[in-house]
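For ligands, and for the atoms within them, numbers begin at 1 and follow the listed sequence. We're numbering straight along the sequence, starting at 1.
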Amino acid sequence: MKKELRFFSQLVEKLIQIEETNPVSEPIPTDQVIGKLNLEFEEEGINDEDWEKLIENVALYTPKTASKLFFNQLFGGRQPKSVLGDLLAVILNSSMYTYKVAGPQAGIEKVIIQKVCQLIGYPNTADGTIAPGGSMSNFMGLVMARDAASTDIPNAGVSQKMTLYTSKESHYSIPKNAAFAGVGRDQVRYIKTDSTGKMDIQHLNDVIQEDKEKGFKPFFVNATAGTTVLGAFDDIEAIHKICQQHQIWLHVDGAYCGGVIFSKNYKRLVKGIELSDSFSFNAHKMLGTPLSCSIIVTRNKKSLSKSFSNEAEYLYQTDADDFDLGRTSLQCGRRNDALKFWTLWKSVGNKGLENIINQQFHLADIARQYIESHPDYTLYSFPDSISICFNYKNISADELCTHLYEEATVMVGYGKYGLNEFIRLITINANNTEKEILHFFKVLEEGSKELESKNMLSMVAS
Ligand SMILES: *Cc1c(COP(=O)(O)O)cnc(C)c1O
């Protein structure tokens, strides 16, 4: 495959160069994309030269998620050591289920899990795994909680009305997972949030109490470390008190901002994390690894095996129980998502991961300061969050973001909290500096001028 590798490295060099001068790809309307880029298959294949041209063209039209003008969602940027780890994982093509086929790669995953358990202060009985994304990590947490609530649900199925609790601001995977787990979407109780987006503790307690009085079985509370819109952190200690009182499993969904465990300064945002029953975070969000790398850990490894192990004689053929990671994972054959996090972590150390997290909050401070010192802006978000929510000159957030996307100016999204809709800038690309953040505002201001004059023209025309 020498030829393909040569092509690959030339292509990547070209893409990175273009990304510098042209950080936003021109969007193609959905009804044109298949035809315009020749994505359809034909009976005969194409020659290598045409194949290479086609691949290059497709790559050039793909949204550039690592560029300095990508602020759209909860990931971005590129950690070179991590990218290399992921490329190597593809070449090695290990499957993580057994030590026999994964060898040291299984050791790498184990080291990551152990270190994370230590960092958050879990007991020695703790263990974890890597799931295909944060939604699936939340699913694993929910299933472990369900199976812990009764002795025989994995065999007999759910026979009781089981209720679960999560804030209105939490991720949509919670109701989806409730459906998957046979508990049902209707059993999800959405707890109110306060003005800063945190779960209302009193409301949580009241709703649990009410459900118990009705004869339901409350079994799972999901606390969020970094809500999807505002980036708010639920109060884990206060929620834990209630969970303890009612014997309910506490899961912390840190998909977005659970990475704060790596920072001495920002770890305070998940104070009490050691009291949780399970905790998950996406290294592909705050830690900047390629997608996906989602880690879930739990206090007692028995919870993992109770819910996820199954005998399989054809699979487990050596005496390496602890390193046969398939015994505690969601999948059977499983991609190696550990290596890319390990290559980064090994290279920069604990301190380097800490710097990544601190830089994201530093960039958020810069953005908030800019907004607060410019009267044309309104700020909607709070300190200790890397989601900066704002509006500019009363221009509709939806309209402005769509204009910026269509004109290939900057990739940024919008969100809603209460009655307010706003632009949401995510300062998660730790390779950015103050310069890129200020550049973002400049580009946004120029883009909105264009939009204003376009609207003016269309008013005149009509
Ligand atoms: C991103 C996110 C998820 C989902 O993670 P995926 O890897 O996209 O499945 C879950 N919860 C929160 C709070 C998130 O921000």
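- Applying the 4.0 Å criterion to heavy atoms of A255 picks out, from ligand 1, the atoms 2 (C), 3 (C), 10 (C), 11 (N), 12 (C), 14 (C).
- For G226, the closest heavy-atom approach to ligand 1 falls below 4.0 Å.
- In terms of polar-atom proximity, defined here as any N/O pair under 3.5 Å, T224 makes no such contact with ligand 1.
- When ring centroids are compared, Y122 and F279 stay outside the 6.0 Å threshold.
- Considering only heavy atoms from C-beta on, N282 stays 4.5 Å or farther from I295 through its side chain.
- Every atom of ligand 1 is numbered from 1 in the order shown, and the set under 4.0 Å from a heavy atom of N282 is 5 (O), 6 (P), 7 (O).
- The nearest protein atom to atom 13 (C) of ligand 1, hydrogens excluded, is given as D253 OD2, 3.4 Å; this is a heavy-atom distance.
- The ligand atoms of ligand 1 that sit less than 4.0 angstrom from a heavy atom of H171 are 2 (C), 3 (C), 4 (C), 10 (C), 11 (N), 12 (C), 14 (C).
- Under the side chain to side chain donor-acceptor pair (under 3.5 Å) test applied with R189, the options T163, D211, T166 reduce to a single match, D211.
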Yes or no on side-chain hydrogen bond (donor to acceptor under 3.5 Å, both in side chains) for S307 and D147, after CA distance, side-chain angles and deciding distance? CA-CA 7 Å; S307 299; D147 297 347; 2.7 Å; yes

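- In terms of polar-atom proximity, defined here as any N/O pair under 3.5 Å, S135 does make such a contact with ligand 1.
- The part of H284 lying near ligand 1 is the side chain, judged by heavy-atom distances below 4.0 Å.
- Residue N155 qualifies as enclosed at atom CG: its count of foreign heavy atoms under 6.0 Å is above 12.
- Residues Y99 and D322 have side chains that never bring a donor and an acceptor to within less than 3.5 angstrom of each other.
- A cation-pi arrangement is not found for K64 relative to F70, the charged atom failing to lie both closer than 6.0 Å to the ring centre and inside a 45° cone about the ring normal.
- For atom 6 (P) of ligand 1, the closest non-hydrogen atom of the protein is G134 N, 3.3 Å.
- Residue L74 touches ligand 1 through its side chain alone, judged by heavy-atom distances below 4.0 Å.
- Residue-ligand proximity, G133 to ligand 1, at heavy-atom distances under 4.0 Å covers atoms 7 (O), 9 (O).
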Carefully, step by step, assess D398 and S396 under the rule side-chain hydrogen bond (donor to acceptor under 3.5 Å, both in side chains). CA-CA 5 Å; D398 173 353; S396 131; 5.4 Å; no

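- Note: no N/O pair closer than 3.5 Å links T227 and ligand 1 by distance alone.
- The aromatic rings of Y377 and Y392 sit tilted relative to each other, their planes meeting at an angle between 30° and 60°.
- The closest approach between any non-hydrogen atom of K285 and ligand 1 is below 4.0 Å.
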